[in-house]
Amino acid sequence: MVLRILLIDDNPNDRFLAARELKQKFANQDLTVDEITNENDLEQALVIGYFDLAVTDNQLLWIDGLTVVRKIKDKYPNCPVIMFTDSGNEEVAVEAMKAGLDDYVLKRQHYRRLVIAIEKCLEQKKIREEYAANQKLLYEHQERFRVAQGAADLGIWDWDLITNIITWNDNHERLFGLAPGSFDGTYEKFISCIHPSDRDLISQALEFALENNTDFYQEFRVLWSDNTIHWIASKGHFFYNDSSQAIRASGIILDITDRKEREVAQQRYTDELVQAYRVQDEFLSIASHELRTPLNAILGWTQLLRKYPFDEQTRNQRLEIIERNLKRQQNVVEQILDISRLKSGQMQLERGVVDLKSVVEDAIESARLPIEAKSISLEYISDDSTIEVLGDQGRLYQVIWNLLSNAIKFTPASGYIKVHLDVDKSEKNIVQITISDTGLGISSKFLPYVFEQFRQEDGSRTRTHQGAGLGLAIVKQLIEMHGGSIQAESQGVNQGATFTVQLPLLNRIINEENTKIESANKDFSSLKNFSLAGLKVLIVDDEPDSLDLLVMLLENEGAIVTAVNSATQALEILQTNQPDILISDLVMPDKDGYMLLKEAKTLGLNWSTPLKSVAISGYSHESNEKVIQAGFQASISKPIEPDELVNVINLITNKTLDI
């Protein structure tokens with residue numbers, strides 16, 4: 001018997017001792033202990049619901065035990081829950097019992113007391129389930145008896161085995177799709193109403209009941225004259241003479257079409273759910289591979305560079321390998337974060353006028369090296385010199401680059417890729433981007449799923465191409481956020497593939513929405529010679545490695561840097577010194593970046609100029625709008641690109657720019 005227990009406790013020592021005691025006690029059972037240490041794990045466990053009992057501490061870092069009890073009991077009222085804690089009291093125990101808690105055990109009473117409580121709760125649960133099953137069975141018998149007596153919507157049949165005459169009531173005829181009085185009472189007529197595929201089932205069920213002296217029961221389909229199919233359940237009893245010869249049978253029928261349709265729908269849903277879990281497991285396996293493989297090169301060469309005195313050329317080559325693998329790893333992480341943002345609705349577009357032709361040409365230029373490395377021929381065709389759309393230039397570049405990268409990846413050496421921009425200025429007013437290749441193509445079986453997340457045509461261990469299988473799902477959603485559409489076509493394996501993107505032209509959007517639009521392309525040319533020399537910067541980050549990186553970066557650019565690892569230290573400095581700019585991590589213990597900036601503004605009420613600030617964060621769901629509303633002039637996501645940080649500081653602190 002499989003036993004699954006949720007252990008909700010953020011104390012690793014307590015979890016270890018409890019799990020050890022459980023495994024010793026239930027050594028003869030197939031025991032699984034799922035350790036829950038944060039809110040996300042708890043929510044996921046509640047969604048899956050694959051557990052028999054839950055053990056929770058009362059005082060958790062992210063939630064209290066009483067709330068945990070309520071969450072579990074609200075969703076799974078019959079699941080036993082035990083509170084195992086040292087931080088509770090009588091009031092907590094009483095409230096938890098009111099919420100449905102099954103037992104309350106103090107940790108100082110030793111972990112064996114917990115095992116006893118679990119055994120008791122499981123036994124009580126078993127008794128309740130058996131009682132419920134018996135009650136259900138009793139109810140079913142009572143209901144059948146009541147329905148049979150009332151014959152409210154039942155068909156009633158009687159079969160005289162001596163004369164071979166069958167008698168039906170009107171309701172029986174109606175359930176078989178016949179007009180009242182039209183049944184001629186013959187077995188042949190009865191069988192003719194049955195779906196051809198189910199006729200043998202009826203004969204076999206009747207023969208079995210007669211041979212074994214049992215009641216007759218069978219579910220089957222009937223075919224009405226209008227060709228509609230209905231499901232029927234029929235149950236009957238045979239009567240015998242003194243010689244044990246069957247002389248008569250009688251019974252009832254019931255229309256169970258709705259139930260059968262629900263069963264089919266449920267089975268379809270179950271199959272889809274199993275498939276979804278299979279795809280997700282496959283994705284997790286691939287994502288793990290895509291993250292660990294570059295990590296192997298990064299860690300390996302980092303250790304070797306520290307251990308051996310390589311010459312400068314070899315050292316630089318190995319650093320390039322490390323950087324290349326870091327970018328590969330970063331790309332996988334960014335794709336996962338993009339999927340998360342898209343699913344949660346937190347993906348934001350910085351809309352402006354975009355020259356789409358320039359975006360496409362930039363992507364093609366960036367792909368020159370891999371194209372030349374595989375000796376691929378690329379043909380680029382564009383109708384107009386300028387093709388303007390409304391959108392996010394960076395995200396549109398991401399779309400084109402992803403499609404072009406896929407074409408390069410799946411096209412063999414000496415293959416052919418064609419990129420075509422086609423402008424339709426008719427009533428549709430759209431621009432069409434077509435990227436086609438002579439590569440591996442897409443099978444007809446996989447083509448309908450090519451834009452689904454967590455899907456890859458080849459997810460096996462022997463697959464020959466890298467990737468987490470998220471790129472096309474992200475591309476589709478980004479295109480749709482721009483009001484466009486994307487289609488994939490392929491004649492099959494080794495027949496190449498064509499991806500067609502359609503986007504509304506700028507003049508169409510202006511005509512439809514009468515929108516005032518500003519350019520999305522900022523001119524940073526005036527920043528090229530701007531220096532950070534002498535700029536006073538205060539950096540706040542509780543991560544020592546990140547802090548050291550920022551200090552070295554900005555000091556090398558000539559800035560005067562003060563670095564601290566907490567908001568409290570930063571506020572002490574701000575009481576007597578005003579920096580030219582504050583750079584703060586958003587996620588820190590005690591006081592986060594938002595609290596720091598709020599208090600810093602209070603300190604700066606008497607300053608001659610307002611405090612300028614930049615937020616940095618590793619949280620993918622941090623809203624840029626929220627950061628700006630809090631008072632930061634800009635936000636940068638980790639990992640930080642040095643050039644991006646310097647450009648942002650230049651932009652914010654350069655008073656000569658109109659920003």
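With sequence neighbours excluded, the residues that form a side chain to side chain donor-acceptor pair (under 3.5 Å) with Thr314 are Asp311. Residues forming a side chain to side chain donor-acceptor pair (under 3.5 Å) with Arg15 (at least two apart in sequence, or on another chain): Glu35.
The two atoms that bring Leu390 and Val353 nearest to each other are CD1-N, 4.5 Å, heavy atoms only. Here the closest heavy-atom approach between residue Asp542 and residue Pro589 is recorded as OD2-CD, 3.5 Å. Closest heavy-atom contact between Ile321 and Trp301: CG2-CD1, 3.9 Å. In plain terms, the two heavy atoms of Phe310 and Leu304 that are nearest each other are CE1-O, 3.4 Å. Closest of all the heavy-atom pairs between Gln495 and Gln491 is CB-CB, 3.7 Å. Scanning all heavy atoms of the two residues, the minimum distance from Gln432 to Thr434 falls at NE2-OG1, 3.8 Å.
Between the CD1 atom in Ile479 and the NZ atom in Lys476 there is a gap of 10.5 Å [rounded to 0.5 Å]. Remark: Lys409 NZ to Leu440 CG distance equals 10.5 Å, nearest 0.5 Å. Atoms CZ and CG, on Phe499 and Asn402 in that order, are 9.0 Å from each other to the nearest 0.5 Å. Atoms CD and CZ, on Gln477 and Phe451 in that order, are 11.5 Å from each other to the nearest 0.5 Å. Separating the OG atom in Ser613 from the CD1 atom in Ile583 is a distance of 10.0 Å, to the nearest 0.5 Å. Rounding to the nearest 0.5 Å gives a distance of 8.0 Å between OG of Ser584 and CG of Asp541.
A heavy-atom distance below 4.5 Å is not found between the side chains of Ile381 and Leu421. Taking the side chain as every heavy atom from C-beta outward, Glu379 and Val419 never approach each other to under 4.5 Å. Between Leu356 and Ile433, the closest side-chain pair of non-hydrogen atoms falls below 4.5 Å. No side-chain heavy atom of Leu535 sits less than 4.5 Å from a side-chain heavy atom of Ile560. Looking at heavy atoms from C-beta onward, Leu645 lies in side-chain contact with Ile649 at the 4.5 angstrom threshold. At least one side-chain heavy atom of Glu489 sits less than 4.5 Å from a side-chain heavy atom of Thr500. When side chains are defined from C-beta on, Ile486 does not count as touching Val399, because their heavy atoms never get closer than 4.5 Å. Between Phe632 and Leu586, some side-chain heavy-atom pair lies under the 4.5 Å cut-off.
Crowding of Tyr50 atom OH: a count of heavy atoms from other residues, nucleotides or ligands under 6.0 Å not exceeding 12. The local environment of CD in Gln487 is sparse, with at most 12 non-hydrogen atoms from other residues, nucleotides or ligands closer than 6.0 Å. The local environment of CG in Asn316 is crowded, with over 12 non-hydrogen atoms from other residues, nucleotides or ligands closer than 6.0 Å.
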Item to check | Val431 and Asp422: CA distance, side-chain angles, deciding distance, side chain to side chain contact (heavy atoms under 4.5 Å, CB included) verdict | outcome: CA-CA 6 Å; Val431 56; Asp422 183 20; over 6 Å; no
Next on the checklist: Please evaluate residues Val537 and Asp580 with respect to the criterion side chain to side chain contact (heavy atoms under 4.5 Å, CB included), reporting the C-alpha separation (whole Å), side-chain torsions for both, the decisive distance (0.1 Å), and the verdict.
Outcome noted: CA-CA 6 Å; Val537 182; Asp580 294 314; over 6 Å; no
Checklist entry - When you look at Asn40 and Glu43, which way does the side chain to side chain contact (heavy atoms under 4.5 Å, CB included) test go after all the steps? => result CA-CA 5 Å; Asn40 288 338; Glu43 293 299 328; 5.6 Å; no
Checklist entry - So Leu396 and Leu503, side chain to side chain contact (heavy atoms under 4.5 Å, CB included) or not? Walk me through it. => result CA-CA 10 Å; Leu396 289 173; Leu503 290 168; 3.9 Å; yes
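Although no hydrogens or angles enter the test, the distance criterion places a donor-acceptor pair under 3.5 Å between the side chain of Thr438 and the main chain of Tyr416. Between the side chain of Asn647 and the backbone N or O of Asp643, at least one donor-acceptor pair lies under 3.5 Å. For the pair Thr562 (side chain) and Leu538 (backbone), a donor-acceptor distance under 3.5 Å is absent. For the pair Gln569 (side chain) and Asn565 (backbone), a donor-acceptor distance under 3.5 Å is present. In this structure, Lys612 contributes its side chain and Gln633 its backbone to no donor-acceptor pair below 3.5 Å. Between the side chain of Ser375 and the main chain of Ser414, no donor-acceptor pair closer than 3.5 Å is present. A donor-acceptor pair is defined here as one N or O able to donate and one able to accept, closer than 3.5 Å; no such pair exists between the side chain of Lys418 and the backbone of Tyr380.
For the 3.5 Å distance criterion, the side chains of Thr270 and Gln267 fail to qualify, holding no donor opposite an acceptor. A donor-acceptor pair shorter than 3.5 Å can be found between the side chains of Arg395 and Gln398.
Using a cutoff of 4.0 Å between basic side-chain nitrogens and carboxylate oxygens, Glu365 and Arg368 are scored as salt-bridged.
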